[in-house]
Amino acid sequence: MAIRVVRLGTPRVKNEGLRLGTVRRPPRGVRKEDFAARDYFDLWLPDLAPSSGLVSWALSEPFTDKRWTTYARRYRTEMRQPVARRLIALLAALSRHTNLAIGCYCEDESRCHRSLLK
C-alpha cells in the first residue's frame, strides 16, 4: 500500500484511497458535505498542517533554497509535537494496509509541507 501526495481539489486517481487534508483551513466557499465530492478531502487533519505563524512567515517572501531549508526545519520541529507524532505514526501504520493521499492547496509540491510529510 502507499501514501500519495496530492494537490487538494484536483481529480482523484484510481486507487488513491482516503484523501487527507493537511491544511489549516478548509476550502472557502465549499460546503462541508461537498469537500469529498469536489475532490478536496475525505478527512481534515489540520494538526499536520504548518502552524499559522509558519505559514505567514513562508508566504511573506518567495522561497529561496535557504528559506526552504529554514521552513523545512521549522515544520519538522512542529511535527515532533505529541499530537502530530501520533497522527504520523497512525498514518504510517494505516498505509501498510490501505492507500492514502495527503494533500494541500499549494501548486508546487516541492515547496510544500506535503513533500516533507511524504
Side-chain angles (χ1 to χ4, degrees):
M1 301 289 127
I3 295 181
R4 180 182 305 273
V5 176
V6 299
R7 182 171 183 207
L8 299 179
T10 60
R12 295 172 190 255
V13 297
K14 186 176 179 179
N15 298 320
E16 181 178 292
L18 190 69
R19 188 176 273 204
L20 309 170
T22 61
V23 291
R24 276 280 147 219
R25 299 207 180 357
R28 292 181 184 173
V30 180
R31 296 181 357 213
K32 286 182 184 181
E33 48 276 359
D34 293 335
F35 290 165
R38 293 186 52 191
D39 292 328
Y40 283 98
F41 49 78
D42 301 305
L43 181 66
W44 184 31
L45 290 177
D47 293 321
L48 293 181
S51 66
S52 57
L54 185 54
V55 170
S56 292
W57 178 85
L59 296 176
S60 68
E61 294 178 32
F63 275 123
T64 61
D65 289 342
K66 182 179 179 181
R67 279 180 54 79
W68 174 251
T69 300
T70 300
Y71 174 85
R73 186 184 73 247
R74 291 174 63 185
Y75 178 70
R76 287 184 178 115
T77 298
E78 290 181 356
M79 292 301 101
R80 285 195 287 271
Q81 298 302 311
V83 171
R85 288 178 65 183
R86 285 191 294 272
L87 282 171
I88 291 168
L90 173 64
L91 295 179
L94 287 172
S95 72
R96 291 187 205 98
H97 303 283
T98 190
N99 292 330
L100 300 170
I102 295 173
C104 179
Y105 305 122
C106 298
E107 286 185 49
D108 183 0
E109 175 188 324
S110 70
R111 297 291 195 191
C112 177
H113 74 281
R114 68 184 190 257
S115 69
L116 302 170
L117 279 172
K118 186 177 176 180

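Side chains are part of it too, since the values below use all heavy atoms of this structure and drop only hydrogens, waters and symmetry mates. Starting from 1, each residue takes its place in the sequence as its number.
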### Task
Going by the side chain to side chain contact (heavy atoms under 4.5 Å, CB included) test, name the single residue among Ser52, Ser56, Ser51 that passes it with Leu54.
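Output: one option passes, namely Ser51.
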Are any of the side-chain heavy atoms of [X] and [Y] separated by less than 4.5 Å?
X      : Y     : result
Ser110 : Trp68 : no
Lys32  : Pro26 : no
Phe41  : Leu20 : no
Leu116 : Arg76 : yes

### Task
Just grab all the salt bridge (Lys or Arg N to Asp or Glu O under 4.0 Å) pairs involving residues 100-118, residues at least two apart or on different chains.
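Applying salt bridge (Lys or Arg N to Asp or Glu O under 4.0 Å) to every pair that reaches into residues 100-118, excluding sequence neighbours, yields Asp65-Arg111, Glu109-Lys118.
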### Task
Scan for salt bridge (Lys or Arg N to Asp or Glu O under 4.0 Å) pairs involving residues 36-60, sequence neighbours excluded, and state none if there are none.
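For residues 36-60, and leaving out neighbouring residues, the salt bridge (Lys or Arg N to Asp or Glu O under 4.0 Å) pairs sorted by first residue read Arg12-Asp39, Arg12-Asp42.
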### Query
For Pro27 and Tyr105, which heavy atoms make the closest approach, and how far apart are they?
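In terms of heavy atoms, the two residues are closest at N-OH, 2.8 Å.
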### Query
What closest approach, in Å, do Cys104 and Val23 show between heavy atoms, and which atom pair accounts for it?
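Closest pair (atom of Cys104, atom of Val23, distance): CA-CG1, 3.7 Å.
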How many angstroms lie between atom [atom1] of [X] and atom [atom2] of [Y], to the nearest 0.5 angstrom?
X      : Y      : atom1 : atom2 : answer
Leu43  : Phe35  : CG    : CZ    : 11.5 Å
Ile3   : Ile102 : CD1   : CD1   : 4.5 Å
Cys106 : Leu59  : SG    : CG    : 7.5 Å
Thr98  : Leu91  : OG1   : CG    : 11.5 Å
Tyr75  : Arg73  : OH    : CZ    : 15.5 Å
Lys14  : Asn99  : NZ    : CG    : 12.0 Å

Is there a path of hydrophobic side-chain contacts, each under 4.5 Å between heavy atoms of I, L, V, M, F, W or Y residues, that connects [X] with [Y]?
X      : Y     : answer
Ile88  : Leu18 : yes
Leu100 : Val5  : no
Val55  : Leu48 : no

### Query
Between Trp57 and Tyr71, what is the ring plane arrangement, given parallel below 30°, perpendicular above 60°, and tilted in between?
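Answer is parallel, since the angle falls under 30°.
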When you measure from the side chain of [X] to the backbone of [Y], do you find a donor-acceptor pair of N or O atoms at a distance under 3.5 Å?
X      : Y      : answer
Glu16  : Ala101 : no
Arg19  : Ala36  : no
His113 : Thr22  : yes
Arg24  : Ala49  : yes

### Task
Please step through side-chain hydrogen bond (donor to acceptor under 3.5 Å, both in side chains) for the pair Thr77 and Arg80, ending with a clear verdict.
CA-CA 5 Å; Thr77 298; Arg80 285 195 287 271; 3.1 Å; yes
